[in-house]
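Computed from a prediction, not measured in an experiment: that's the story for all the values here.
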Amino acid sequence: MKSEPNRNYSEVTEFVLLGFITPPKVQILLFLVFLLIYMVTVVGNISMIIVIKVDSRLHMPMYFFLRNLSYLDLCYSTVIAPKTLANFLSKGKKISYNGCAAQFFFFALFVTTEGFLLAVMAFDRFSAICSPLLYPVHMSQKVCAQLVTGSYICGGINSMVQTGFTFSLRFCGENRLDHFFCDVPALIKISCADTSVNEIVLFILSAVIIITTTTVIVVSYAYILSTVLKIPSTHGRGKTFSTCGSHIAVVSLFYGAVFFMYAQPGAISSPESNKIVAVLYTLVIPMLNPLIYSLRNRDVKEAMKRILLHRK
């Protein structure tokens, strides 16, 4: 219980992002590492978007969703990385109150949308493998657009609720966030108000989103596995299930990190662990996703070769 109704307090107009507290030389090294990761993220995801857009052979639902995944990865890493990079070279490490609210809003929007999009991608693989004859109906252009729009709507609702609850808290002078970006656990920790409702809302919303999306993913892959095991040819089973390998890898990385960060009641009390896991899902995963899909997906690799050979 943090409520202090009789205490005088000054209104916080800015926050200080403490980030990684290390010697100056280590800060420069971290800056270079983060810069490299962000550059690979930008190049990889933009390349994926362009390849899928340019190559007509990739104009299918699976790659439509993959293009949107690359767009989301690019967006939410861009919400975090530039400010983090600037703070490595800055002594003040400040962000305005409104800037902090905006950063969190867009981060929550894009990350939540990605969670729902990964569930949509699992359903797409289920439809393609388990109901191939009905696949064009189940995954028509209109349905695909509606599923992506629905993912954004769910992301927007969660983002508005989380941002509204978090930034309605009172901050009594203490404005140092023990994090490298504006996130709920760090903001809750420095609030002088009673944060029990916020912690419950954070846990419930995160749990509902994770349970809903992972249920869709697990059920989809249970049916896929059942269908694949009925294929008599070993080569046929391997070929069919290989289309799911990249998605399974991405889902495992993303949900593992998100569950650790938000779906545990004790997550708020571990800032150092939170920072490490936050680096994984805000910077490393958006960098790895296009690499995973380009290296493991034959259609994407062949499309890249065609584009490069055509330019030569």
Checking Thr78 side chain against Leu74 main chain: does a donor-acceptor pair fall under 3.5 Å? yes

Taking the side chain as every heavy atom from C-beta outward, state whether Leu117 and Leu72 have any atom pair closer than 4.5 Å. yes

Atom CD1 of Ile50 and atom CZ of Arg67: how far apart are they, to the nearest 0.5 Å? 11.5 Å

I want to check something: taking the side chain as every heavy atom from C-beta on, are Phe180 and Leu18 in contact at a cut-off of under 4.5 Å? no

Those residues at least two apart in sequence (or on a different chain) that pass ring pair (Phe, Tyr, Trp, His ring centres under 6.0 Å) with Phe167 are Tyr97

Less than 4.5 Å apart, any side-chain heavy atom of Ile95 and any of Gln103? yes

Exam field: side chain Thr112 to backbone Leu109, donor-acceptor pair closer than 3.5 Å: no

If we ignore angles and hydrogens, is there a donor and acceptor under 3.5 Å between the side chains of Tyr38 and Thr84? no

Between OH of Tyr76 and OH of Tyr281, what distance do you get to the nearest 0.5 Å? 8.5 Å

Can you name the nearest heavy-atom pair linking Ser70 to Ile49, along with the distance? CB-CG1, 3.8 Å

Greater than 12 external heavy atoms within 6.0 Å of Phe31's CZ: yes

Can any side-chain N or O of Ser90 pair as donor or acceptor with the backbone N or O of Ala86 at less than 3.5 Å? no

So, Glu199 versus Thr195: side-chain donor-acceptor pair below 3.5 Å or not? yes

Shared ILVMFWY cluster between Leu32 and Val42, side chains joined below 4.5 angstrom? yes

Can you check side chain to side chain contact (heavy atoms under 4.5 Å, CB included) on Glu114 and Asn289, steps first, answer last? CA-CA 12 Å; Glu114 179 157 328; Asn289 283 354; 3.6 Å; yes

Output the distance between atom OG1 (Thr282) and atom CG (Asp73), rounded to the nearest 0.5 Å. 11.0 Å

Thr22 versus Leu30: any side-chain heavy-atom pair under 4.5 Å? yes

Starting from Val79, can I reach Ile46 by hopping between I/L/V/M/F/W/Y residues whose side chains sit under 4.5 Å apart? yes

Would a single hydrophobic cluster contain both Val161 and Phe107, if residues Ile, Leu, Val, Met, Phe, Trp and Tyr are joined by side-chain heavy-atom contacts under 4.5 Å? no

If I compare all heavy atoms of Val120 with all of Ser151, which pair ends up nearest, and what's the gap? CG2-OG, 3.8 Å

Would you confirm whether Tyr255, through its side chain, and Val250, through its main-chain N or O, come within 3.5 Å as a donor-acceptor pair? no

Check: Phe34 ring centre within less than 6.0 Å of Phe88 ring centre: yes

Counting the benzene-type ring for Trp, do Phe64 and His59 have ring centres under 6.0 Å apart? no

Value for SG (Cys144) from CG (Asp124), rounded to nearest 0.5 Å, stands at 6.5 Å

Side chains of Ile248 and Ser252: closer than 4.5 Å at any heavy-atom pair? yes

Tell me if a side-chain donor or acceptor on Ser168 pairs with a main-chain N or O of Phe165 at a distance below 3.5 Å. yes

Backbone N/O of Pro136 and side chain of Ser140: donor-acceptor pair under 3.5 Å: no

Do the side chains of Ile209 and Ile285 join up, straight or via other hydrophobic residues, at under 4.5 Å, putting them in one cluster? no

Going by distance alone, is a donor N or O of one side chain under 3.5 Å from an acceptor N or O of the other, for Tyr221 and His247? yes

Are a donor atom and an acceptor atom from the side chains of Asp194 and Ser196 found within less than 3.5 Å of each other? yes

Where Thr227 and Ile129 come nearest, the two heavy atoms and their spacing: CG2-O, 3.7 Å

Tell me whether Phe20 at atom CZ has more than 12 heavy atoms from other residues, nucleotides or ligands lying less than 6.0 Å away. yes

Taking OH in Tyr71 as the centre, count heavy atoms belonging to other residues, nucleotides or ligands within less than 6.0 Å. Is the count above 12? no

Do Phe181 and Cys100 come close enough that some side-chain heavy atom pair is under 4.5 Å? no

Please round to the nearest 0.5 Å and tell me the distance separating atom CG of Leu202 and atom CG of Leu187. 11.0 Å

Enter the distance from Ile153:CD1 to Gln146:CD here, rounded to the nearest 0.5 Å. 10.0 Å

Steps toward side chain to side chain contact (heavy atoms under 4.5 Å, CB included) verdict (Thr113, Cys154): CA-CA 7 Å; Thr113 302; Cys154 292; over 6 Å; no

Any side-chain heavy atom of Leu89 within less than 4.5 Å of one from Ile28? yes

Describe, in one word, how the ring planes of Phe110 and Phe106 are oriented to each other, choosing from parallel (under 30°), tilted (30 to 60°) and perpendicular (over 60°). parallel

Any Phe123 side-chain heavy atom under 4.5 Å of Ile217 side chain: no

Ignoring hydrogens and geometry, is there a side-chain-to-backbone donor-acceptor pair from His179 to Gly19 under 3.5 Å? no

Determine the minimum heavy-atom distance between Cys130 and Pro132, stating which atoms define it. C-CD, 3.4 Å

Which is it for Ser131 and His138 under the side chain to side chain contact (heavy atoms under 4.5 Å, CB included) test, yes or no, and what are the steps along the way? CA-CA 9 Å; Ser131 306; His138 288 164; 4.2 Å; yes

Using every non-hydrogen atom in the two residues, find where Lys83 and Lys94 come nearest and quote the distance to one decimal. NZ-O, 2.7 Å

Check step by step if side chain to side chain contact (heavy atoms under 4.5 Å, CB included) holds for Phe116 and Tyr152. CA-CA 8 Å; Phe116 281 97; Tyr152 274 96; over 6 Å; no

Verify same cluster id: Met62, Tyr223 (apolar side-chain graph, 4.5 Å): yes

Is Glu14 atom CD crowded by more than 12 heavy atoms from other residues, nucleotides or ligands, each under 6.0 Å away? yes

Is a side-chain donor or acceptor of Asp55 paired with a backbone partner of Arg57 at a separation under 3.5 angstrom? yes

Check: Thr41 side chain, Ile37 main-chain N or O, donor-acceptor pair, under 3.5 Å: yes

Main chain of Ala119, side chain of Thr213: is a donor-acceptor contact present, judged purely on distance under 3.5 Å? no

